[in-house]
Amino acid sequence: MSKIETPRPIRGTQDIFGAEAEAFAHVVETFERVRKLYRFRRVEMPVFEKTEVFSRSLGETTDVVSKEMYTFEDRGGESLTLRPEFTAGIARAYLTDGWQQYAPLKVATHGPLFRYERPQKGRYRQFHQLDAEIIGAAEPQADVELLAMADQLLKELGIADGVTLQLNTLGDAPSREAWRMALVEHFREAEDALSEDSRERLHKNPLRILDSKDPRDQALVHDAPRIDDFLSGEAERYFLAICDGLDATGVKWHRAPTLVRGLDYYRHTAFEFVTDRLGAQGTVLGGGRYDGLIETLGGHHTPAVGWAAGIERLAMLVRDAGKAAVDALDVVLAVEDDRALTVAQQVLAQLRRAGFSTEIVASGSPRKRFDKAVKMDARVILGFDHDDSQVVRALRGPEEWTAKIDEIVTPLVLAQAS
RNA sequence: GCGAAUGUAGCUCAGUUGGUUAGAGCGCCGGUUUGUGGUACCGGAGGUCGCGGGUUCGGAUCCCGUCAUUCGCCCCA
């Protein structure tokens, strides 16, 4: 008989358990609570879409589309792709599901996304994001509201210290194009001094040179033309309105003139909440305005803003900050004699129905069950020996007491209340 | 796609210049002790030393390849 080999997990996937899973759930629960305060509607989106949903909206030449997507043919021969981000699918639904009637539409969702990348700290092939979008709103207040929600989320997660909001504008389409051309001209003059990566970027995505980490690029970036010199009057007024709005809302921000976005569809506002506590993956939440995206999917010109946040990255910060408290165990039952099992089962059901989180220890060596129960760190321990009185003893409460089995809940409720 | 480090029990790790039958702590299972108690002791299960090849009388240890993990680059949340 040949040995059966256990299948290995897929590279870049995670089996999340224990404290990590608690932190993960805490992030999602907090997001759900905050999103309701801001009246964002919950949506559930498909995990896969036609490939063109992403290739057209993100841009064929972006790394995400050209080498990071999980694309496959289904049995009908259609090219499908596991979603590498949320925005494109939501924009598609806005057009195909008649969501335009609800504009301006505020939606929120979360779930798994897929990108074929080299895994490292805070970066996985199946990863998870929170996502919030406002579609059909052209006014700066939409950007401000979205940022305020992000800010409140981070504060309620208890990780706002050490995370800063980096804010920039990319201008409207003409501003952005003029800036882009000036940047290309600036960097082309000194092309030989650029890093290899940046020479490549010069042709593919010159804006990205601005946030290069290579020291050879730093000096050139420092002298590079600023978007401020290319902003149209309208684009400038728009950006100032956002700055004022954030100040009025009490959201702290820093101007980051070299902050750009990787994906082509962004206009005007661009932002990232950044920390230095997660190594190379410092962006914890990022987004911006994507007024051009809906058109690439065949819709009318539709202004929109959104952001996404990496749940794993937030969960790591939450864990490091010690903010993910595991819910304490209310009661543990130690069955020290198997003949008392039936009685214990009755009490167990009674307690759980009454709303107490309850665990039972009834296996292994009877003499060691109490010790096991003690280690579970419950607020109350109930000991079950075998005798005819059907009385249990409670320890580790505010005080010790005994009770008949059908009267256990009452003293526990009283103990809870005191 | 590129670079570096690391893979020994369920977990955290020892394992000397290559040399008997590969170890410890924790956890798990059983027993004894204690008996309103988180104790101590005894015993047990559990390992193709990531995988494959090579060098050697002999490989957990040296060499090559491969897979995985981690940390960077890139990309991005």
Side-chain angles (χ1 to χ4, degrees), chain A residues 2-3 5-14 17-18 27 58 61-69 83-87 110-132 150 154 163 195-198 200-201 204-205 208-209 211-215 217 259-263 266 271-275 278-288 306-317 332 334 336 361 363-378 381-383 385 392-397 399-402:
Chain A
S2 66
K3 188 177 186 314
E5 202 171 317
T6 306
R8 308 311 307 164
I10 305 291
R11 177 164 214 207
T13 61
Q14 327 170 67
F17 176 78
V27 168
L58 304 190
T61 61
T62 56
D63 280 19
V64 171
V65 170
S66 62
K67 48 191 183 194
E68 293 178 359
M69 294 204 305
R83 64 187 181 195
E85 59 131 44
F86 276 116
T87 307
H110 66 86
L113 304 167
F114 305 85
R115 297 219 272 247
Y116 190 85
E117 296 180 277
R118 191 76 172 259
Q120 59 182 268
K121 186 183 177 75
R123 195 174 84 179
Y124 306 93
R125 289 183 173 179
Q126 177 178 335
F127 59 106
H128 302 81
Q129 286 187 347
L130 311 174
D131 187 85
L154 297 175
V163 178
S195 64
E196 296 78 14
D197 285 334
S198 286
E200 179 74 14
R201 291 185 185 107
K204 276 176 55 185
N205 198 346
R208 301 292 306 182
I209 298 176
D211 54 15
S212 166
K213 291 174 192 167
D214 195 300
D217 299 331
L259 176 76
V260 294
R261 301 270 71 206
L263 305 175
Y266 286 103
F271 55 86
E272 287 181 6
F273 285 81
V274 180
T275 178
L278 291 178
Q281 316 300 327
T283 301
V284 115
L285 185 154
W307 56 249
I311 298 179
E312 287 87 351
R313 294 181 188 178
L314 291 172
M316 278 191 269
L317 292 175
V332 60
E336 299 187 87
V361 179
S363 65
S365 171
R367 307 183 109 169
K368 289 181 178 168
R369 290 179 193 171
F370 191 88
D371 285 350
K372 265 195 207 170
V374 167
K375 286 181 183 170
M376 298 182 100
D377 206 26
I381 302 168
L382 297 182
D385 281 322
V392 298
R393 289 171 288 105
L395 308 121
R396 167 84 70 69
E399 60 199 56
E400 297 187 3
W401 45 265
T402 61

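Every chain is numbered from 1 and lettered A, B, ... according to where its sequence line falls, protein lines coming before strand lines. Keep in mind the model is a prediction, meaning the values are calculated, not measured.
- Distance A:Q129 CD to B:C75 P: 18 Å, rounded to the nearest Å.
- Shortest non-hydrogen contact noted between A:Y266 and A:G287 is CE2-C, 3.9 Å.
- Residue contacts for A:G287: at a heavy-atom cut-off of 4.0 Å it reaches no nucleic acid atom on any strand shown.
- In the set B:C76, B:G37, B:C74, B:G37 carries the atom at the smallest distance from any side-chain atom of A:E336.
- Comparing B:G72, B:C74, B:G38 against the side chain of A:R118 picks out B:G72 as the nearest.
- Taking side-chain N and O atoms only, A:K213 has a distance below 4.0 Å to OP1 or OP2 of B:C73.
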Verdict with reasoning, A:D63 to A:K204, per salt bridge (charged side-chain N to carboxylate O under 4.0 Å, His left out): CA-CA 10 Å; A:D63 280 19; A:K204 276 176 55 185; 3.1 Å; yes
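- Judged by distance alone with a 3.5 Å cut-off, a donor-acceptor contact links the side chain of A:R123 to the base of B:C74.
- Nearest-nucleotide positions on RNA chain B place A:S212 closer to the 5' end than the other of A:E272 and A:S212.
- Contact detail for A:G286 and A:R261: the closest heavy-atom pair is C-NH1, 3.7 Å.
- The side chain of A:K121 lies closest to B:C71 when the candidates are B:C71, B:C75, B:G1.
- Between B:U69 and A:R11, a contact under 4.0 Å exists linking OP1 or OP2 to a side-chain N or O.
- Summarising the base pairing, B:G19 is matched to B:C57 through a Watson-Crick or G-U wobble pair whose two defining distances lie under 3.5 Å.
- Using the Watson-Crick or G-U wobble rule with both distances under 3.5 Å, B:G7 pairs with B:C67.
- Going from atom CD of A:E68 over to atom P of B:C76 covers 7 Å, rounded to whole Å.
- For A:K368, the side-chain atoms get nearest to B:G31 when compared with the rest of B:C75, B:C2, B:G31.
- Counting to the nearest Å, the P atom of B:A77 and the CG atom of A:L317 are 17 Å from each other.
- Pair assignment for B:A24 gives B:U12, based on Watson-Crick or G-U wobble hydrogen-bonding distances that are each under 3.5 Å.
- Taking atom C1' on both B:C41 and B:U34, the two are 12 Å apart, rounded to the nearest angstrom.
- For the pair A:F370 CZ and B:U34 C1', the interatomic distance rounds to 13 Å; values are reported in whole Å.
- Straight-line distance between the C1' atoms of B:G23 and B:C62: roughly 23 Å, to the nearest whole Å.
- In this structure B:C49 sits in no base pair that meets the Watson-Crick or G-U test at under 3.5 Å.
- Mapping A:D214 and A:I311 onto RNA chain B by nearest heavy atom places A:D214 at the nucleotide closer to the 5' end.
- B:A24 and B:C42: their P atoms are spaced 12 Å apart (whole Å).
- Between the side chains of A:H128 and A:E312, at least one donor N or O sits under 3.5 Å from an acceptor N or O.
- Here the side chain of A:K372 is nearest to one of B:C29, B:G37, B:C74, namely B:C29.
- Between the CG atom of A:L130 and the C1' atom of B:C76 there is a distance of 16 Å, rounded to whole Å.
- B:C73 and B:U17 are spaced 36 Å apart, taking the P atom of each and rounding to whole Å.
- Taking only distance into account, the side chain of A:R261 never meets the base of B:A77 through a donor-acceptor pair shorter than 3.5 Å.
- Residues A:G306 and A:F271 approach most closely at O-CZ, 3.8 Å, considering heavy atoms.
- Cation-pi geometry between A:R115 and A:F127 is not satisfied (NZ or CZ under 6.0 Å from the ring centre, within 45° of the ring normal).
- With C1' as the reference atom, B:G47 and B:A9 are 5 Å apart, rounded to whole Å.
- Distance from the side chain of A:P119 is smallest to B:U70 among B:U70, B:G37, B:C75.
- At the heavy-atom level, A:G282 lies nowhere under 4.0 Å from the strands shown.
- Taking atom CD of A:E117 as the reference point, atom P of B:G72 lies 14 Å away to the nearest angstrom.
- Between the side chains of A:T13 and A:Q126, no donor-acceptor pair of N or O atoms lies under 3.5 Å.
- With a 3.5 Å ceiling on both atom-pair distances, B:C74 lacks any Watson-Crick or G-U wobble partner.
- Rounded to an integer number of Å, the gap from A:D63 CG to B:C76 P is 6 Å.
- In terms of phosphate contacts, A:Q120 brings a side-chain nitrogen or oxygen within less than 4.0 Å of OP1 or OP2 of B:G72.
- Put simply, CZ on A:F127 is 8 Å from C1' on B:C76, counting in whole angstrom units.
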